Amino acid sequence: MLRLMRVVLAAAAGGALLLGCAQQEVVEPTVIEQPPVVAPTPIAEPEPTPRVDSEGNPLDPAGRPLGRTFYFELDQARLSERDLRVLAMHADYLRDFSNRQVTIEGHCDERGTREYNLALGERRAQAVQRYLTSAGVRPSQVETVSYGEERPQDAGHDERAWARNRRAELIYR
Amino acid sequence: MLRNATCDITPRRRRVSTDAKPAGKGRSARLVACLALAAAAPVDALEIEITEGWDSPTKIAVVPFGGPAPGGVDIAAVASADLARSGQFAALGSENMLSLPTVADEVYFRDWRQLGRDYLVIGRVSVASGTAADRVFALDYTLFDVRAGREAASGRLSFAAALARDAAHRIADDVYQAVTGVRGAFSTKILYVLVRDPASARTSYHLTVADADGHRERELFRSTEPILSTAWAPEGGRVAYVSFETGRSVIVVQDLTTGQRQRVAEYKGINGAPVFSPDGAKLAMSLSRDGNSEIYIQDLASGDLRRVTRQPNAIDTEPSWSPDGESLIFTSDRGGRPQIYRKDLKTAFVERLTFQGEYNARGRLLPDGRRLLYVHRRERRYHIAWQDIETDAPPILLTETALDESPSIAPNGMMMIYATRKGGLGVLGAVSIDGRARLTLPSRRGDVREPAWSPFLAGPNLQAPGA
């Protein structure tokens with residue numbers, strides 16, 4: 001019951017797109033035992049939408065790759081509404097495939113001190129982690145690591161680069 | 001190797017008329033001599049560019065020493081460059097000297113007064129013993145007070161060729177102390193991270209130690225994963241740092257003599273910001289093993305952990321010890337923004353130290369325990385600033401560039417070294433605490449960052465028998 005409520009809540013956050021996922025969850029309980037990278041063959045399944053791409057990253061109901069990078073404002077670790085909708089779909093997938101595990105990397109831009117950024121990066125990763133676990137993903141499926149400002153996505157030193165570097169990345173293992 | 005460097009310090013605001021020689025021809029001649037000297041030196045990673053000096057530095061001349069040059073090192077030139085780097089001295093290039101005395105009998109004070117010198121250093125190297133392979137040199141040097149016309153200090157050193165630069169730094173320390181009354185820090189070292197091929201797939205991180213003048217660089221550890229937060233043990237024989245060698249942050253203590261490395265903190269979450277206690281027995285650090293970043297103290301012998309902060313919703317990090325070891329300075333955003341706090345380790349009393357601005361972090365107390373150096377954000381730019389924590393005086397900016405971080409203080413409290421960016425490169429900068437002298441230490445091999453200035457070091461024994 002609790003689990004269903006979470007699904008409903010996540011669906012409410014995710015909007016119409018998410019309803020397909022929620023239904024799939026109900027009708028596909030046996031898929032859990034399957035290796036994640038092997039997508040069900042379209043002929044054998046009643047609903048032939050693959051859940052992951054060739055690299056094992058989940059797809060949205062329309063078959064497009066789900067975003068796995070989430071960006072933050074300066075000094076902040078708050079997720080946007082849009083990010084929460086995407087994360088709700090990740091949560092759906094992770095609930096359905098409880099053998100899948102993710103590492104959430106937290107990153108910062110180069111401004112400010114390296115050690116404070118290490119902690120800020122962790123706070124960003126934990127914001128994503130908290131959302132996933134509160135949406136019903138098992139804590140054992142999610143781990144976090146912070147790289148602070150040490151691994152920028154963009155090597156530039158301007159506002160545009162900094163905005164790209166303040167991020168959390170969801171990495172499926 | 002030395003870019004834009006001159007033998008004579010060239011302060012931006014100093015009036016040329018105060019010097020003995022006019023600028024122009026004399027200056028360019030000096031520059032050529034300096035470059036020739038530099039070409040003879042071995043290639044090192046760090047270069048020195050003095051960008052600003054005191055308005056009225058003490059004028060000194062270090063005359064080329066007589067006798068052989070041990071290991072090919074021009075000891076007088078190295079000592080002269082040390083003094084100039086402090087910003088407190090303007091050293092005369094040898095091409096502008098009227099005579100080149102190497103013993104007291106050859107010194108004519110009138111000549112040096114005419115050149116506007118306040119002090120004069122002479123010396124002579126001789127072969128004390130040994131064959132070509134294991135030769136021991138002796139060096140007698142004397143500092144003269146030119147105005148008073150008398151000797152101010154003298155010494156005799158004994159050393160093998162490999163220690164020629166140590167001898168030069170020792171002489172600079174001696175001269176500095178005799179003239180300023182403050183202990184010299186030229187025989188110290190700096191620890192830093194060299195990043196080769198930054199922002200590429202081949203990026204590598206090199207934990208490096210070098211003399212305070214950037215020479216004699218030595219790699220301590222190399223990794224394809226980031227290295228940061230370098231720190232010295234108080235006796236100078238060990239260093240601590242954060243390494244991502246396992247894919248996650250770990251704190252490593254490394255012995256400089258044996259090279260042996262020990263991972264002392266490898267907990268779940270962040271293992272960061274290590275700093276040795278003043279007695280060298282403990283390490284303060286930042287760990288998130290209990291959920292979020294908090295300050296801990298680990299006893300290095302027993303491994304016992306003591307938790308110092310308890311703020312589940314705040315970041316507490318970047319601890320550093322007060323010189324007396326009785327309190328910890330740290331960064332916390334418990335008030336909403338990162339600010340610097342101090343916790344008394346006996347009474348557990350916590351007080352906030354910084355109030356101006358929205359971002360003040362990574363505090364370090366000067367040896368006086370009263371001036372606090374930290375990273376200060378002003379108009380979205382990050383500078384190094386200091387303030388007197390016993391008054392309400394506003395912070396004083398020491399740097400004006402935008403991405404300044406990781407300040408580390410020389411053991412005599414006269415200068416600090418920090419990381420910044422210049423010309424698209426990560427470089428080290430050094431500034432005197434009074435803000436009057438500035439220099440940068442770029443590397444041609446990559447970005448340099450995360451500097452830590454060593455404590456005073458025992459160093460090799462250079463005492464001549466019977467000296």
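Predicted model, so just to flag it, every value in this text is computed and none were measured. Each chain gets a letter, A, B and so on, in the order its sequence line appears, and its residues count up from 1.
B:V242 places none of its side-chain heavy atoms less than 4.5 Å from the side chain of A:E150. The shortest distance between side-chain heavy atoms of B:Y374 and A:T113 does not fall below 4.5 Å.
Judged by distance alone, with hydrogens and angles left aside, the side-chain atoms of A:Y147 form a donor-acceptor pair with the main-chain N or O of B:G247 at under 3.5 Å.
When the shell of 6.0 Å around CZ of B:R352 is examined, it contains more than 12 heavy atoms from other residues, nucleotides or ligands. By the 6.0 Å contact criterion, CD on B:E379 is open, its count of non-hydrogen atoms from other residues, nucleotides or ligands being 12 or less. Atom CZ of A:R138 is surrounded by 12 or fewer heavy atoms from other residues, nucleotides or ligands within 6.0 Å. Counting heavy-atom neighbours within 6.0 Å of B:R307 CZ, excluding the residue itself, gives a total above 12. Applying the 6.0 Å contact sphere to CZ of A:R173 captures more than 12 heavy atoms from other residues, nucleotides or ligands.
The structure places CD of A:E115 at 8.5 Å from CZ of B:R362, a figure rounded to the nearest 0.5 Å. Rounded to the nearest 0.5 Å, atoms OH (B:Y359) and CZ (A:R111) are 10.0 Å apart. The CD atom of A:E143 sits 9.0 Å away from the NZ atom of B:K268 when rounded to the nearest 0.5 Å. Rounded to the nearest 0.5 Å, atoms CG (A:L74) and CZ (B:R377) are 5.5 Å apart. Distance check, rounded to the nearest 0.5 Å: CZ of B:R449 to CZ of A:R114 gives 4.0 Å.
Of all the listed residues (B:A199, B:G269, B:A273, B:S200), the one sharing the greatest number of non-hydrogen pairs under 4.5 Å with chain A is B:A273. Chain A forms the most heavy-atom pairs under 4.5 Å with one residue out of B:D404, B:L403, B:V375, and that residue is B:L403. Among B:D316, B:I315, B:T317, the residue with the largest count of heavy-atom pairs under 4.5 Å with chain A is B:I315.
For B:N313, the part lying under 4.5 angstrom from a heavy atom of chain A is the backbone only. Only the side chain of A:D75 comes within contact range of chain B, with heavy atoms under 4.5 Å apart. Looking at B:R381, there are no atoms closer than 4.5 Å to chain A (heavy atoms on both sides), in backbone or side chain. In this structure, the portion of B:E450 lying under 4.5 Å from any heavy atom of chain A is its side chain and not its backbone. Contacts between A:Q129 and chain B at a heavy-atom distance below 4.5 Å are absent for every atom of the residue. Contacts of B:L228 with chain A are made by side-chain atoms alone, with heavy-atom separations under 4.5 Å and no backbone atom involved. Contacts between A:Q153 and chain B at a heavy-atom distance below 4.5 Å are absent for every atom of the residue.
Looking only at atom types and distance, the side chain of A:E122 has no donor-acceptor partner in the side chain of B:S293 under 3.5 Å away.
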Derivation of the side-chain contact (heavy atoms from CB on, under 4.5 Å) call for B:D333 and A:R123: CA-CA 12 Å; B:D333 63 5; A:R123 190 182 263 174; 2.9 Å; yes
